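Nothing here was measured: the structure is a model prediction, and the numbers come from that model. Worth knowing before you read on, the calculation uses all heavy atoms, side chains too, and leaves out hydrogens, waters and symmetry mates.
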2 protein chains.
Amino acid sequence: MTTTRTTSAGSRTAAKPRKRRTPEEARSVILDAAEARLQKLGLEGLNVVGVAEDAGLSHASVIHHFGNTAGMRQALGERMTQALLSDLVGALKSDTQPQKILAAVFHAMVGGGHAKLLAWRALNDSDSELPDEAVQRLFKELIRRTGERFGQQDATLIRNNLLLIASSAIGLGISGNALPALLGVDEIDNNEFADWLAHLLLDDDKTCT
Amino acid sequence: MTTTRTTSAGSRTAAKPRKRRTPEEARSVILDAAEARLQKLGLEGLNVVGVAEDAGLSHASVIHHFGNTAGMRQALGERMTQALLSDLVGALKSDTQPQKILAAVFHAMVGGGHAKLLAWRALNDSDSELPDEAVQRLFKELIRRTGERFGQQDATLIRNNLLLIASSAIGLGISGNALPALLGVDEIDNNEFADWLAHLLLDDDKTCT
DNA sequence: ACCGCTATCTACATTGGTGTCAATAAGGAA
DNA sequence: TTCCTTATTGACACCAATGTAGATAGCGGT
């Protein structure tokens, strides 16, 4: 029995006009909706039906552009990673004062929601895959610049400093307001905290010898 | 038409023996399997069918004990939170040297997978709910002890120290090996890092005045 | 041995999400 | 205009997971 597919015939409801976008536009619109849903609804919100509804098109179109759900999620992850890198590079180039750089990094990680992205990828990818080359190159650059700015030569010390900064930024971004709430503060001033941390790291260098 | 349910009649396959557990045992076995699946498969692994299979019983039994899937997940979150608190309290009581305490905290957060739990809850709960009283009490105690051990009175300084320690521990636990890999190290020695951090925080106190 | 409670099971109904397919229409090119 | 490409869509089949209900069986109490 061939399934008789309803063709044009009986559509009494006036067919609503279609909006034809370029593939780039469509992908952009879809990923915008997906990113908003990730922020608002969490991981469960990243399904093609919901994303398509928010984006204003059918879920079949989403699959058409990304192949399948996994493709959509991967594309979103890549786009957000690129945004993270862009923000970090901008923070590094913006200023020459270590305090300002730290503040910019914290702002990017915490305010921009990048930390949640990292956590999401860490939780989803069962085997934490190696970071892509772009990220690795960025960190090479970061290590070099840090060595310059902070005037430190000891590789281990630089690594510890960077590890502390990065892990703290990630932890702050993920915990959100929960951690400050535990410590009895309503909200944390990232600039102030970054300032304090910068002083802590710098002053340690010149510990009275 | 009443659905004639197949009763005992036609079962040619020998009925396999049931294992009757106490409710506590059953819940424990189920949550063990759920926790293992969370570690191995990530968030997607926390479904009743998969958990039931790993636990060695039917998914209907899981629903019987926890009401529904959300109940099972909540129970798991609560049990893991209790374990986290227990580990942290143990770390605080274990030793009097700040370095040892820090190392124990890092070990609990990173090695025990507690950080991933926190990230999971942060990502899932759309509105980050306030931490329960037990956690709040623990942190009050933590603040007090820290003030004693580190010999610091300034509240802001204590808060910054704690914030740095906690956020860094969370960030390290989540990023796993990815972050050290970026910095060119295969693995991070938590003890060594904790030692360095403790010295950093303590030495800052006695900055040459 | 008998009985009552309930943990456990199998089977089923239902839902929600995924991916496919053929038809349609929007825009550009000739 | 006419034609062609393809973005878009509704409908459908499928699957995985959830939750329900009745039947069954293990275990303790009497």
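Residue H64(B) has a polar side-chain atom (N or O) positioned under 4.0 Å from OP1 or OP2 of dA7(C). Close to dA17(D), at under 4.0 Å from its OP1 or OP2, lies no side-chain N or O of T69(B). Phosphate contact (OP1/OP2 of dA7(C), side-chain N/O of T22(B), threshold under 4.0 Å): absent.
Between the NZ atom of K19(A) and the C1' atom of dA26(C) there is a distance of 13 Å, given to the nearest Å. Taking atom CD of residue E25(A) and atom C1' of nucleotide dT6(D), one finds them 15 Å apart after rounding to whole Å. Taking atom CZ of residue R20(B) and atom C1' of nucleotide dA23(D), one finds them 14 Å apart after rounding to whole Å. Atom CZ of R18(B) and atom P of dT10(C) are 8 Å apart (whole Å). Rounded to whole Å, atom P of dT9(D) lies 13 Å from atom CD1 of I63(A). A straight line from CG of N68(A) to C1' of dT18(C) spans 9 Å, rounded to a whole angstrom. Following rounding to the nearest Å, E24(B) (CD) and dA7(C) (C1') show an atom-to-atom distance of 12 Å. Separating the CZ atom of F66(B) from the P atom of dA7(C) is a distance of 12 Å, rounded to the nearest angstrom.
For the residue pair F66(B) and M72(B), the shortest heavy atom distance occurs at CB-N, 3.6 Å. Looking at every heavy atom in both residues, L57(B) comes nearest to R21(B) through CD2-NH2, 3.3 Å.
In this structure, E25(B) contributes its side chain and T22(B) its backbone to a donor-acceptor pair below 3.5 Å.
For the 3.5 Å distance criterion, the side chains of Q82(A) and E78(A) fail to qualify, holding no donor opposite an acceptor.
Legend: residues meeting side-chain hydrogen bond (donor to acceptor under 3.5 Å, both in side chains) with R79(A), ordered by chain and number and at least two apart, are D32(A), E35(A).
Near DNA chain D, defined here as any heavy-atom distance below 4.0 Å, the residues from residues 48-62 of chain B are V48(B), V49(B), H59(B), A60(B), listed numerically.
By the 4.5 Å heavy-atom criterion applied to side chains, I170(B) and I174(B) are counted as neighbours. Between D195(A) and N191(A), every side-chain heavy-atom pair lies at or beyond the 4.5 Å cut-off.
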